[in-house]
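Step one of this worksheet: look at the structure below.
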Amino acid sequence: MRGRAMSSYDHRAIEAKWQERWERQRLAEVDVRVAKSKYYMLMMFPYPSGDRLHVGHGRNYILGDALYRYLRMRGRRALNPMGWDSFGLPAENAAIQRGVHPRDWTLENIRVMKQQFRRWGILYDWSKEITSCQPEYFRWNQWIFLRMLERGLAYRKRAGVNWCPSCRTVLANEQVSEGSCERCGSGVEQRDLEQWFLRITDYAERLLAGLDDLPGWPEKVKLMQRNWIGRSTGAEISFAAPSVGEAVRVFTTRPDTLHGATFLVLAPEHPLVEGLVAGHPRREEIAAWIARVRNTPRILREGEGAPKEGLDLGAQALNPATGEPIPIWIANYVLPDYGTGAIMAVPAHDQRDFEFARAHGLPIRLVYVAPDGPQTAAELTEAIPDRGRIRGCGDFDGLEPGEEAVARFVGWLEANGWGRGQVSYRLRDWLISRQRYWGTPIPVVYCDACGMVPVPDDELPVLLPYDVEFTGREGNPLARHEEFVRATCPRCGAAARRETDTMDTFVDSSWYYLRYLSPRDGQRIFDSEVANRWAPVDQYIGGIEHAILHLLYARFVCRVLHDFGLVGFEEPFPNLFNQGMITRFSERTGRVEKMSKSRGNTVSPDPIIDEMGADTERVYTLFLGPPEAEVEWSDEALAGPHRFLQRLWRLAERIDEAPPTGVVDPELERARHEAIQRVTRDLDRFKFNTAVSALMELINVLSRAVEERSASKLACEQALETLVQLLHPFAPHVTEEIWERRGHSESLLESDWPAWDESRLRRARVTVVVQVDGKLRDRVEVDAEASERDHREVALGSARVREHLAGREVARVVVVPGRLVNVVTRGVAS
RNA sequence: GCCGGAGUGGCGGAACGGGAGACGCAGGGGACUUAAAAUCCUCCGCCUUCGGGCGUGCGGGUUCGAAUCCCGCCUCCGGCACCA
């Protein structure tokens with residue numbers, strides 16, 4: 001049926017039709033046994049929260065789908081799988097608040113989210129779907145854990161850890177932001193608990209060095225990881241301490257200031273402290289102080305402006321450089337889990353030590369002295385970390401602070417056996433224990449006779465019991481489930497107690513991209529052969545919020561799997577793209593902020609899809625702005641893309657109004673080729689927004705050609721088909737429909753992406769800008785092939801240019817062929 | 001405090017060191033219509049004596065030529081923040 005020009009297309013029927021057809025034809029399914037021209041693209045898998053997806057979420061998925069469709073049309077065997085990061089606290093909280101079981105709640109949410117993806121017209125290879133909360137998946141978390149346990153990469157230790165009172169569980173360092181729980185925002189407390197850790201610090205150097213080989217990552221993310229790993233070079237120095245019975249080891253980045261070390265400071269948690277306090281006359285007072293510091297939340301102990309407190313332990317050590325005895329203190333500003341948990345204090349050259357020394361009347365000794373600075377320690381008003389020359393240190397005198405001085409001192413320490421060069425990292429081991437139900441059970445049992453015993457592989461998976469009571473009381477519900485806790489020791493057969501901690505959900509997401517390649521394999525974690533052919537992931541897409549967390553853990557676990565011989569690569573995601581977030585004004589906060597349910601500024605895609613179609617939302621979302629930037633949603637601006645698609649539909653309906661033959665319009669053909677070039681280049685660089693602009697320009701030219709009957713029907717039809725193909729990644733439904741109505745039987749996905757012809761891009765005549773002294777004065781036309789001299793002549797021949805040259809002498813003429821002529825004058829001779 | 005990133009019309013944004021503002025939204029004018037919607041055409045940075053002048057956060061610099069490169073500021077956003 002050929003409606004008159006005003007008709008609008010039935011997006012509801014068309015979108016439903018194509019969604020059904022794509023699904024029925026299983027268009028996105030990939031047989032991974034064939035890896036020729038493979039392209040593994042991946043969106044960070046989502047947490048199936050109960051909240052419906054809003055248009056802000058859509059950005060991520062729509063962008064991925066556009067990329068996927070483009071790759072397919074370019075002839076790549078693109079794999080685009082999807083799954084569910086489905087363990088985690090919200091499910092358990094829903095159980096507590098609403099009485100629905102986490103498992104049922106989660107599976108229902110997954111069902112709803114899948115529907116939403118479908119309505120957006122997004123294609124995933126659902127045959128690869130994985131759900132991390134299912135035993136088929138999490139048994140392999142347990143398997144990885146056991147392998148790490150065997151190699152000492154998983155271990156248990158008692159430590160001061162971050163405890164979120166609201167989530168009722170401990171958190172990893174990475175999951176604490178400004179002293180608060182990253183998930184819920186509650187203030188984090190300090191607790192001393194026995195917990196499971198993964199030895200990511202063993203991989204610190206490799207994780208850091210690997211960043212240099214990731215040109216496909218945003219610099220920002222690499223920088224954040226570098227800072228997080230926090231590599232420092234310096235030295236470990238031993239201070240003999242006869243009265244203590246053993247030497248005190250410290251880490252310092254400034255061994256060149258050793259002569260100025262006037263006291264040592266231990267962290268209150270330092271292993272030597274207990275012995276020293278035991279013999280101290282004021283031991284009770286000190287013990288009470290230590291207990292208080294240890295229970296202080298990190299943010300208060302380490303945060304800005306936290307007061308420096310400390311106590312003299314009454315013991316002494318010998319400064320190896322000077323041979324002088326110096327006192328040993330404990331203080332809250334020395335952290336137990338960095339370096340050796342002890343420092344040498346050099347108050348003259350370190351601001352923290354300076355403040356502490358002044359507050360407690362401890363001696364200060366200058367090592368570096370600047371001619372324009374204080375000449376004695378008494379004159380100091382603040383530490384001078386990096387000025388002056390060494391004075392009064394024998395052979396070292398005259399050295400300036402810097403690498404050379406450090407190297408000289410390290411050599412000297414090593415020669416004397418007092419210490420050695422050392423590298424230290426800010427990164428801490430990954431705490432994976434969680435005191436919650438809805439996670440992967442850690443597969444070990446505790447036997448009175450044998451101690452901690454790993455669950456044997458053939459007893460995996462350790463399943464989560466379903467019949468658990470969710471009360472919201474503190475303590476893991478698993479620990480109250482007698483049947484779960486009761487176990488048999490795999491080693492001696494005696495009664496044993498099962499571990500009730502579950503794993504951090506970041507374990508699930510640290511290797512899931514490999515499981516997509518062997519999602520149903522019941523025998524092994526994944527097929528290494530397939531993994532090595534398809535992975536690493538060619539393009540990874542997700543939000544910047546995982547710059548450290550997920551992306552660091554995944555890089556770590558990839559290296560572990562590499563060392564296990566399971567994969568041949570060390571970087572899981574050589575190319576990373578962070579899409580920006582969508583923001584909108586929030587009535588609640590009065591500001592433009594990230595779209596989120598809690599801020600009450602979300603926009604539901606449902607009414608948009610109902611009224612204007614998913615294609616409109618898709619085009620708009622991609623047109624909104626550069627995909628890596630934060631962009632503000634506007635309900636009004638949706639009209640533009642909607643009109644664009646309507647125009648396309650009407651244009652397709654009246655394309656045969658163009659005159660049958662005879663008319664030649666090189667402009668239309670040129671515009672067509674230019675659009676192909678621009679869209680292709682833009683998509684290769686993820687510039688979806690400018691690609692849409694290029695398509696809008698093409699439709700403008702084509703509409704005019706049809707309207708003015710200035711091009712042949714054949715040329716118009718060709719331009720239309722090109723437009724439909726180029727637009728398909730953005731608006732898949734309407735383009736498929738037009739394509740089919742034009743007599744094509746295969747899906748656009750299987751059509752070949754158009755190619756442009758450079759020779760068609762050229763124009764016979766070009767407009768050249770003429771400037772006088774850099775100011776635009778005229779535009780002239782020249783042959784595309786015109787020489788520099790031709791440009792010059794035409795430019796100088798322009799009447800307007802001559803007017804501006806009156807009374808001036810031409811000094812030089814700059815010619816940029818085909819673009820610009822700049823006539824430079826010497827100015828008026830006066 | 002340290003380290004990044006960003007500031008362009010009323011708005012979203014575009015611009016290999018070479019025409020500032022592509023494309024779109026909003027707005028003005030017109031056509032069609034009994035009317036409205038839709039659609040189509042057209043205008044749309046500021047000032048102007050209509051020659052032109054001024055314009056990409058501010059001030060300098062490099063260059064024939066700077067939104068783009070360099071230096072110094074301002075503002076906003078992000079990361080880290082007693083890590084010895």
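Below, chains carry the letters A, B, ... as their sequence lines are ordered, and counting in each starts from 1.
Counting any heavy atom pair closer than 4.0 Å across all strands shown, A/Leu335 reaches a base atom. Contact annotation for A/Val768: no contact, since no heavy-atom pair falls under 4.0 Å across all strands. Using a 4.0 Å heavy-atom distance criterion, A/Glu219 is classed as making no nucleic acid contact. Contacts of A/Leu820 with the nucleic acid, taken as non-hydrogen atoms under 4.0 Å apart, include base atoms. Within 4.0 Å (heavy atoms only), A/Thr252 reaches sugar-phosphate atoms of the nucleic acid but no base atom. Contact annotation for A/Asn700: backbone-only contact, meaning every heavy-atom pair under 4.0 Å involves sugar-phosphate atoms and none involves a base. Nucleic acid contact for A/Arg777: sugar-phosphate only, since backbone atoms but no base atoms lie under 4.0 Å from a heavy atom of the residue. Nucleic acid contact class of A/Val769 (heavy atoms, under 4.0 Å, all strands): base.
A syn orientation is assigned to B/G9, its glycosidic angle lying within 90° of 0. In this entry the base of B/G51 is syn relative to its sugar, with a glycosidic angle within 90° of 0.
The side chain of A/Leu776 approaches B/G19 more closely than any other nucleotide in the set B/G18, B/A14, B/G19. Nearest to the side chain of A/Thr690, among B/A14, B/G12, B/C82, sits B/A14. The side chain of A/Arg647 has B/C40 as its nearest neighbour among B/C82, B/C40, B/C54. Here the side chain of A/Phe623 is nearest to one of B/G24, B/A84, B/C64, namely B/G24. Nearest to the side chain of A/Arg704, among B/A84, B/C80, B/C41, sits B/C41. Nearest to the side-chain atoms of A/Ala637 among the listed nucleotides B/C25, B/C23, B/G13 stands B/C25. Counting only heavy atoms from C-beta on, A/Met224 has its side chain closest to B/G79 among B/G79, B/G52, B/C64.
In terms of position on RNA chain B, the residue among A/Arg779 and A/Leu223 whose nearest nucleotide sits closer to the 5' end is A/Leu223. Nearest-nucleotide positions on RNA chain B place A/Gln771 closer to the 5' end than the other of A/Leu427 and A/Gln771.
To the nearest whole angstrom, the two P atoms, one in B/A22 and one in B/U8, are 16 Å apart. Comparing the C1' positions of B/G57 and B/C74 gives a spacing of 7 Å, expressed to the nearest Å. Of the C1' atoms belonging to B/U49 and B/U42, the separation is 28 Å, rounded to the nearest Å. Look at the C1' atom in both B/G27 and B/U75: the space between them is 30 Å, to the nearest Å. Remark: the separation of the C1' atoms in B/U68 and B/A26 is 29 Å, to the nearest Å. With both ends at atom P, the span from B/A6 to B/G13 equals 14 Å, rounded to whole Å. Spacing between B/G45 and B/G10 at atom P, rounded to whole Å, works out to 10 Å. Nucleotides B/G79 and B/C43 place their P atoms 46 Å apart, quoted to the nearest Å.
Put simply, the side chain of A/Leu761 reaches to within 4.5 Å of the side chain of A/Gln677, judged on heavy atoms. The side-chain heavy atoms of A/Leu638 and A/Glu611, taken from C-beta on, include no pair separated by under 4.5 Å.
A donor atom on one side chain and an acceptor atom on the other are not found under 3.5 Å apart for A/Arg294 and A/Asn332. Between the side chains of A/Asp353 and A/Tyr333, at least one donor N or O lies within less than 3.5 Å of an accepting N or O. A donor and an acceptor atom, one from each side chain of A/Glu309 and A/Trp289, are located under 3.5 Å apart. Side chains of A/Thr722 and A/Arg672: a donor on one and an acceptor on the other come within 3.5 Å.
OP1 or OP2 of B/A26 lies within a sub-4.0 Å distance of a side-chain N or O belonging to A/Arg643. Distances shorter than 4.0 Å separate none of the side-chain N or O atoms of A/Arg685 from OP1 or OP2 on B/C16. Between B/C64 and A/Arg812, a contact under 4.0 Å exists linking OP1 or OP2 to a side-chain N or O. Of the side-chain N and O atoms in A/Lys775, none sit less than 4.0 angstrom from OP1 or OP2 of B/G18. A sub-4.0 Å separation between OP1 or OP2 of B/A84 and a side-chain N or O of A/Ser232 is present. Contact annotation: A/Asn689 side-chain N/O to B/G12 OP1/OP2 distance is not under 4.0 Å. At B/A81, one or more side-chain N or O atoms of A/Arg426 fall inside 4.0 Å of OP1 or OP2 (strictly under the cut-off).
Rounded to an integer number of Å, the gap from CD of A/Gln175 to C1' of B/G79 is 17 Å. In this entry the distance linking CZ of A/Arg678 with P of B/A14 reads 13 Å, nearest Å. Taking atom NE2 on A/His791 and atom P on B/C64, their separation rounds to 21 Å, with Å as the unit. In this structure, the CG atom of A/Leu727 is 15 Å from the C1' atom of B/G24, given to the nearest Å. One interatomic measurement links the two molecules: CG of A/Asp353 to P of B/A84, which rounds to 12 Å at whole-angstrom precision. Protein atom CD of A/Glu630 is 7 Å distant from nucleotide atom C1' of B/C77, rounded to whole Å. One interatomic measurement links the two molecules: CD of A/Glu674 to P of B/A15, which rounds to 14 Å at whole-angstrom precision. Atom C1' of nucleotide B/G4 and atom NZ of A/Lys220 are separated by 7 Å, given to the nearest angstrom.
Look at B/U75: its Watson-Crick or wobble partner, with both distances under 3.5 angstrom, is B/A6. Across all strands shown, B/A37 has no partner, as no Watson-Crick or G-U wobble contact with both distances under 3.5 Å is found. The pairing partner recorded for B/C23 is B/G12, the criterion being a Watson-Crick or G-U wobble arrangement whose two distances lie under 3.5 angstrom. When both pairing distances are held under 3.5 Å, B/C46 makes a Watson-Crick or G-U pair with B/G53. Pair assignment for B/U68 gives none, since no Watson-Crick or G-U wobble pairing has each distance under 3.5 Å.
A cation-pi arrangement, defined by a distance under 6.0 Å to the six-membered ring centre and an angle within 45 degrees of its axis, is absent between A/Lys308 and A/Phe356.
Centroid-to-centroid, the aromatic rings of A/Phe197 and A/Trp430 stay 6.0 Å apart or farther.
Looking at every heavy atom in both residues, A/Pro401 comes nearest to A/Arg254 through CB-NH2, 3.8 Å. Nearest heavy atoms, A/Ile237 versus A/Pro320: CG2-CG, 4.2 Å.
Judged by atom type and distance alone, A/Asn227 does not reach the base of B/C80 through any side-chain donor-acceptor pair under 3.5 Å. With hydrogens and angles ignored, no donor-acceptor pair under 3.5 angstrom links the side chain of A/Arg819 to the base of B/G18.
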